[in-house]
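No hydrogens, no waters, no symmetry mates; every other heavy atom, side chains included, goes into these values. Both counts, for ligands and for their atoms, begin at 1 and track the order of listing.
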Amino acid sequence: MEIRIEAHVAHVAVSAADVLESYVRSGPVTLGLATGSTPVPTYRELIRRHREEGLSFARSRAFLLDEYVGLARSHPESYYSVIRSEFVSHVDLADTAVQSPAGQAADPEQEAARYEAAIRSAGGVDVQVLGIGSNGHIGFNEPGEHLDSRTHVGLLAEQTRTDNARFFESIDDVPRRCITQGLGTIREARHLLLIATGAAKADALAAALHGPVTSDCPASVLQLHDHVTVIADKAAASRLQRAGCGAA
Ligand code: GLP
């Protein structure tokens, strides 16, 4: 596992964009994209490179990690909409090349199985962007999730609903269910790129990287993967214990 600690969020974005750019320039690639606020500066940096440096996503395709159940695609907080407004609409990544679970599917369980199969039939994900929840979740795999789980319908933890209420008018508007790639699904991506910024992630990041591998901290499955890059700012890295990593 490579852990990069950067002084500022802007440097985190550049460092994460460097990893993604190397894949995008290498040929046809399948990206795993995350939503949430953490990757937004990275997406902005990739958009800048597209506009100013000719970085092209024309040969890329992408799968999202997760989606709220019950939100229409047109809802501004559906992850279908968010990934387009924050990233996809601003680069030459074809809209049809970006897949996500359908949160309004009549049968969400069936949709989860369809999505799992779609990722597999595409040959899997080359590099998966991940954020981390303040409770250690990745995707929407909440504490208690089986470490080998596949794409499934899940319940959002109350902590997650509270954390995500800032995107909605009130917490009552935050959906209770989601479709998320499972921890086993995420682990099949060939390279995991976890981005963490801000002091609110410090405990979760330390538990994920230094604590036991346990379903109590879903992000601890990173320890089971042989190709992981973690990029954190100093605040998120402040509880990491590794000597020489620059954590302040
Ligand atoms: C959200 C998403 C995750 C994301 C995490 C952290 O609920 N489902 O994919 O990584 O929680 O979000 P943020 O980056 O906004 O802190």
Point-to-point distance, once rounded to the nearest 0.5 Å, from CZ of R25 to CZ of R49: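 So the gap between those two atoms works out to 9.0 Å.
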Measuring from N135:CG to K201:NZ, what's the distance to the nearest 0.5 Å?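 The NZ atom of K201 is 10.0 Å from CG of N135, to the nearest 0.5 Å.
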Within the structure provided, determine whether T229 and L194 are in side-chain contact (heavy-atom separation under 4.5 Å).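 No, too far: nothing below the 4.5 Å cut-off.
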Exercise answer, ligand 1 polar atom pairs (N/O) under 3.5 angstrom:
residue	atom	partner	partner atom	Å
ligand 1	7 (O)	N164	ND2	2.9
ligand 1	8 (N)	D66	OD2	2.9
ligand 1	8 (N)	G139	O	3.1
ligand 1	11 (O)	H137	NE2	2.9
ligand 1	14 (O)	S37	N	3.2
ligand 1	14 (O)	T38	N	2.9
ligand 1	14 (O)	T38	OG1	2.5
ligand 1	15 (O)	S37	N	2.7
ligand 1	15 (O)	S37	OG	2.7
ligand 1	15 (O)	R166	NH2	2.9
ligand 1	16 (O)	K201	NZ	2.6

Among L183, D66, L192, T180, which residue satisfies the side chain to side chain contact (heavy atoms under 4.5 Å, CB included) criterion with I138?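 It is L183; the other options fail the test.
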List the atom pairs, donor and acceptor, that lie under 3.5 Å between side-chain atoms in residues 33-44 and the rest of the protein, sequence neighbours left out.
residue	atom	partner	partner atom	Å
S37	OG	R166	NH2	3.0
Y43	OH	A34	N	3.1
Y43	OH	A34	O	2.7

Tell me if the aromatic rings of F167 and Y68 count as close, with their centers under 6.0 Å from one another.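 Ring-ring flag for F167/Y68: false, centres at least 6.0 Å apart.
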